Amino acid sequence: MKPEKIEGFRNSLLKWYHKHRRPLPWRMNPTPYRVWISEIMLQQTQVKSAIPYFNRFVKRLPDIASLAQAPVEEILALWSGLGYYSRARNLHKAARKILEYWGGIFPNEYKTVLSLPGIGRYTAGAICSIAFNQPQPVVDGNIRRVIVRLNGIRSYIPEKYFWDRMTEWVPWEKASEFNQAMMELGATICLPAQPLCPRCPVRRYCLAKKQNLQSTIPLTKPRKAIVKVGVVILVIRYRGKVLLTRQDDSFIPGKWGLPVRIVPSGQSPEETAQSLNNKLFGGRLPIESLAVLKHSITHNRISAHIYTGNATGIISELLEAEGRTYWANDLQLDGMLTSSLFRKAVQRCRK
DNA sequence: GATTCGTGGAG
DNA sequence: TCTCCAAGAAT
């Protein structure tokens, strides 16, 4: 966009925003604390999903002090169902840090905000602009889509481009409203599919609209093909502990994992389970099919067939002599198992 | 820069 | 049922 057009663009956008913005709960009484909580909840999470969580959260934990002093279990319980649970743990860590270093007053310096756990470039900019009205740029999924359409960009461009545009465009006086307006436009008008161009307040600035390329911009990434994979996972217990093995070249992340084997094409999960049983226990450990879990890791779509069994003393000695296995207790499991698929499998067996 | 982390909405 | 993707951060 040419520099002389930026002012008109801002005015059209802000005027539209004042009239059409959604009355979201964090927009009334936008204290730094409420803006912070909302921005963390909204990371990779749709507004509609976050609303009931936000209301419940701020009702139970209305300020930094109550958040800092609450047990992390309670925070996780309030978060349960939202996903990305490290967000909840980082929220707790950050609250304690704010209480310790700044007496429970939310810091208003960008670099300080950025240093808090769970807060990256986007969220720091969002808090500083929305809560403190500082002219900090923000770039999220909505804004990327709006920018590539406005500028009619039909190729992949570096992330820096978006941040440079927002840095140019964000007004000194009305950063809070401008940033929210850009996101609101992407969320309600400049939709990924079938954007509502006739209702767009800035359509006259839009190159994609001018060239009728709204449906081909943004360029969709050439995603890796989805691969369907069947795996067999063993949950073997002995005296309350669970058998882990070293993960050498599994596509499942982590150094340690549950015994696992991919089901080769043409073989049934049952046969794979038996052959894994043969390898590990000489086929002498009775195992039982428990469940099938669905899970995705990047482009792999996994059907995990869970088998359970109880080891005997002799088998456990045999395995320990081999040195590539470990009996983990419940407390160790979470730390040792990187993959949530494995944690799900163990969790499922507790039921 | 590429991966991983969850869950649900919407077409 | 299947796919894409959502107010990203951490590594």
Side-chain angles (χ1 to χ4, degrees), chain A residues 17 21-22 24-27 30 34-54 76 79-91 93-94 113-131 136-147 156-160 162-163 166 176-188 190-195 215 218-228 251-254 293-303 334 337-344 347:
Chain A
Y17 180 67
R21 65 178 167 191
R22 294 166 291 178
L24 303 175
W26 44 87
R27 283 184 177 159
R34 289 165 61 88
V35 171
W36 173 40
I37 302 299
S38 70
E39 288 301 336
I40 301 297
M41 284 190 174
L42 288 165
Q43 288 169 3
Q44 296 293 285
T45 305
Q46 293 189 337
V47 165
K48 189 175 181 180
S49 307
I51 288 175
Y53 283 89
F54 176 84
L76 284 167
W79 210 267
S80 175
L82 254 192
Y84 289 134
Y85 296 96
S86 63
R87 292 185 297 179
R89 286 185 275 267
N90 283 333
L91 220 41
K93 286 182 196 166
V113 175
L114 185 61
S115 75
L116 293 169
I119 295 184
R121 191 175 180 183
Y122 164 79
T123 305
I127 293 172
C128 286
S129 63
I130 296 173
Q136 291 288 350
V138 294
V139 173
D140 74 330
N142 289 310
I143 289 179
R144 287 190 194 90
R145 186 170 58 254
V146 169
I147 289 179
Y156 298 109
I157 53 177
E159 189 65 13
K160 183 177 188 308
F162 300 109
W163 289 96
M166 285 303 282
S176 172
E177 294 170 281
F178 179 81
N179 284 346
Q180 293 185 76
M182 285 289 286
M183 293 191 276
E184 191 84 348
L185 187 70
T188 63
C190 197
L191 305 171
Q194 298 171 1
S215 57
L219 217 54
T220 50
K221 288 178 187 169
R223 297 184 182 280
K224 286 187 181 177
I226 301 295
V227 179
K228 291 185 180 178
F251 63 93
I252 297 174
L293 299 180
K294 301 290 184 183
H295 187 76
S296 292
I297 298 179
T298 66
H299 62 288
N300 295 296
R301 192 190 196 84
I302 304 167
S303 294
D334 264 349
L337 292 180
T338 303
S339 167
S340 61
L341 171 58
F342 287 144
R343 289 202 293 268
K344 273 190 217 169
Q347 197 68 39

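A note on names: the letters A, B, ... follow the listed sequences, proteins ahead of strands, and every chain is numbered from 1. Quick caveat, the model's predicted, so the values are computed rather than measured.
Applying the side chain to side chain contact (heavy atoms under 4.5 Å, CB included) criterion to A/Phe162, with sequence neighbours excluded, gives A/Val139, A/Arg144, A/Ile147, A/Val148, A/Ile157, A/Glu159. Every residue meeting the side chain to side chain contact (heavy atoms under 4.5 Å, CB included) condition with A/Pro25, not counting sequence neighbours, appears here in chain and number order: A/Ile51, A/Phe54, A/Asn55. With sequence neighbours excluded, no residue forms a salt bridge (charged side-chain N to carboxylate O under 4.0 Å, His left out) with A/Arg121. In this structure A/Lys160 satisfies the salt bridge (charged side-chain N to carboxylate O under 4.0 Å, His left out) test together with A/Asp164, sequence neighbours excluded. Partners of A/Arg27 under the salt bridge (charged side-chain N to carboxylate O under 4.0 Å, His left out) rule, at least two apart in sequence or in another chain, are A/Glu184. Residues passing the side-chain hydrogen bond (donor to acceptor under 3.5 Å, both in side chains) test with A/Ser38: none are found, sequence neighbours excluded. Remark: A/Tyr122 pairs with A/Glu39, A/Ala126, A/Val138, A/Asp140, A/Met183 by the side chain to side chain contact (heavy atoms under 4.5 Å, CB included) rule, at least two apart or across chains.
Counting to the nearest Å, the P atom of C/dA7 and the CE atom of A/Met182 are 14 Å from each other. Taking atom CE of A/Met166 as the reference point, atom P of C/dA7 lies 14 Å away to the nearest angstrom. One atom, CD1 of A/Ile40, and another, P of C/dA7, lie 15 Å apart when rounded to the nearest Å. For the pair A/Met41 CE and B/dT7 P, the interatomic distance rounds to 15 Å; values are reported in whole Å. Between the P atom of B/dG1 and the OH atom of A/Tyr156 lies a distance of 14 Å, rounded to the nearest Å. If you measure from atom CG of A/Leu191 to atom C1' of C/dC4, you get 14 Å, rounded to the nearest angstrom. The interatomic distance linking A/Trp36 (CH2) with C/dG8 (C1') rounds to 16 Å, in whole Å. Rounding to whole angstrom units, CD1 of residue A/Ile51 and C1' of C/dA7 are separated by 12 Å.
The separation of C/dT1 from B/dG6, taken at their P atoms, amounts to 24 Å, rounded to a whole angstrom. Between the P atoms of B/dG11 and C/dA7, the separation comes to 14 Å (whole Å). With C1' as the reference atom, C/dC2 and B/dC5 are 22 Å apart, rounded to whole Å.
Residue-to-nucleotide contacts include a donor-acceptor pair under 3.5 Å from the side chain of A/Thr45 to the base of B/dG6.
At least one donor-acceptor pair under 3.5 Å links the side chain of A/Trp79 to the backbone N or O of A/Gly83.
The shortest side-chain heavy-atom distance between A/Thr45 and A/Tyr53 does not fall under the 4.5 Å cut-off.
The side chain of A/Gln44 contributes no N or O atom lying less than 4.0 Å from OP1 or OP2 of C/dA6.
A residue-by-residue look at A/Arg22 and A/Leu114 shows that A/Arg22 has its nearest nucleotide of DNA chain C further toward the 5' end. Mapping A/Ile130 and A/Asn90 onto DNA chain C via the closest heavy atom, the residue that lands nearer the 5' end is A/Ile130.
The stretch residues 80-88 of chain A touches DNA chain B through A/Gly81, A/Leu82, A/Gly83, A/Tyr84, A/Tyr85, each having a heavy atom under 4.0 angstrom from the strand.
Residue A/Leu24 is classed as a base contact, given a heavy-atom separation below 4.0 Å to a base. In this structure, A/Trp79 reaches neither bases nor backbone, as no heavy-atom distance under 4.0 Å exists between it and the strands shown.
The closest side-chain donor-acceptor pair between A/Gln180 and A/Tyr17 falls under 3.5 angstrom.
Closest to the A/Arg145 side chain, of the nucleotides C/dG8, C/dA7, C/dA6, is C/dA6.
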Which pairs, protein N/O on one side and nucleotides 9-11 of chain B N/O on the other, fall under 3.5 Å?
residue : atom : partner : partner atom : Å
B/dG9   : O4'  : A/Gln46 : OE1          : 2.9

